[in-house]
Amino acid sequence: MKEIPMPRDGATSAISRPSLHDAIVGRLRDMIIEGELEQGARIYEGPLCETLGVSRTPLREALRFLASEGLVELVPQRGARVRQFSARDIEDMLILIRSLEELAARLGCQRADDEEIAEVRQLHERMLTCYQQGDRLAYYKNNQLIHSAMVALSHNEPLIQMHDSLQSRLKRVRFIGHNGPEKWAAAVEEHERIMTALEHRDEKALVKALGEHLGYAWERVRDIV
């Protein structure tokens, strides 16, 4: 596994030309995750173009990309809107992603080498730094990198691809699951148990810790979705 750089939250300002597509996609994704673009809301191209300092063509390309991730819906003759999931949709996706991560944990304990596990530890430490600094968005991004990295330890490409697709759709939900100091602290403690079990290659403990963590994820959001 390659070392994954620590993500940074972008400021609200015009985007420079290098890697324009990625920059627009990343910015819109953050706006959806943080609720600046609300679920079900129509996306008005004019004001967004002005805010981001871009033309309509790259903005539309970015919206099509986010539609492929499941975060945006492209409505014929009406433009784009932020995708809205029902509570049942979210619960069902969390059930499936829990099963995928538990399977990945079993495979990872068998297939991952020590260097790969050490890279997950690096991500974990970065996430803890974000928590200590109170940076929710950076914490969330590192959190998602950790889940993706742990699934990658399985060395099972179909599993990795399926997990990535589901995780993309659950970005906003996973972010609001850390809303409030008690929920956030609980999530950090759960990640500590996950990391300890992974480093000991304790398959049973790792599956249990991940299952509990993802089960609690639904409990933390069920009343606000």
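Since the model is a prediction, treat every value here as computed from it, not as a measurement.
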Could you give me the CA-CA distance, side-chain angles and deciding distance for Asp114 and Arg201, then say whether salt bridge (Lys or Arg N to Asp or Glu O under 4.0 Å) is met?
CA-CA 10 Å; Asp114 291 342; Arg201 294 181 185 270; 3.0 Å; yes

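Phe85 and Ile90 get closest at one heavy-atom pair: CB-CG1, 3.9 Å. Of all heavy-atom pairs between Asn156 and Leu159, the closest is OD1-N, 3.0 Å. Across His213 and Ala187, no two heavy atoms sit closer than the pair CE1-O, 4.2 Å. The shortest heavy-atom contact between Glu102 and Gly211 is OE2-CA, 3.2 Å. Across every non-hydrogen atom of Leu123 and Leu145, the tightest pair is CD1-O, 3.9 Å.
Looking at Arg78 and Arg42, their side chains never come closer than 4.5 Å, going by heavy atoms from C-beta outward. Residues Glu61 and Thr57 have side chains in contact (heavy-atom distance under 4.5 Å, counting atoms from C-beta outward). Leu28 has its side chain out of reach of Leu71: every pair of non-hydrogen atoms, C-beta onward, lies at least 4.5 Å apart. You'll find the side chain of Val72 reaches within 4.5 Å of the side chain of Ile32, heavy atoms only. Between Glu190 and Glu212 the shortest side-chain heavy-atom distance does not fall below 4.5 Å. Counting heavy atoms from C-beta on, the side chains of Leu153 and Leu198 come closer than 4.5 Å. For the pair Met150/Leu210, a side-chain contact is recorded, criterion being any heavy-atom separation below 4.5 Å from C-beta on. No side-chain heavy atom of Arg83 sits less than 4.5 Å from a side-chain heavy atom of Gln39.
For Ser99 (side chain) and Ile95 (main-chain N/O), a donor-acceptor pair under 3.5 Å exists by modelled atom type. Between the side chain of Arg126 and the main chain of Tyr139, no donor-acceptor pair closer than 3.5 Å is present. With Ser68 contributing its side chain and Phe65 its backbone, the two residues share a donor-acceptor pair below 3.5 Å. Remark: side-chain polar atoms of Arg81 are not paired, donor with acceptor, to backbone N or O of Glu73 under 3.5 angstrom. A donor-acceptor pair under 3.5 Å is formed between the side chain of Ser86 and the backbone N or O of Asp89.
Ile146 and Tyr216 are assigned to two separate hydrophobic clusters, defined by single-linkage of ILVMFWY side chains at heavy-atom distances under 4.5 Å.
Among the candidates Lys141, Arg172, Glu34, Lys171, the single residue satisfying the side chain to side chain contact (heavy atoms under 4.5 Å, CB included) test with Arg29 is Lys171.
Shown here is Glu157, whose CD atom has more than 12 heavy atoms of other residues, nucleotides or ligands within 6.0 Å. Within 6.0 Å of CD in Glu38 there are 12 or fewer heavy atoms belonging to other residues, nucleotides or ligands. The number of heavy atoms from other shown groups lying within 6.0 Å of CE (Met31) is above 12.
Looking only at atom types and distance, the side chain of His163 has a donor-acceptor partner in the side chain of Glu101 under 3.5 Å away.
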Under 3.5 Å, sequence neighbours excluded: what are the donor-acceptor pairs made by side chains of residues 105-113?
from	atom 1	to	atom 2	distance (Å)
Gln110	NE2	Arg106	O	3.4
Arg111	NH1	Ser154	O	2.9
Asp113	OD1	Glu115	N	3.1
Asp113	OD1	Glu116	N	2.7

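In this view, Arg169 satisfies the side chain to side chain donor-acceptor pair (under 3.5 Å) rule with no residue, not counting sequence neighbours.
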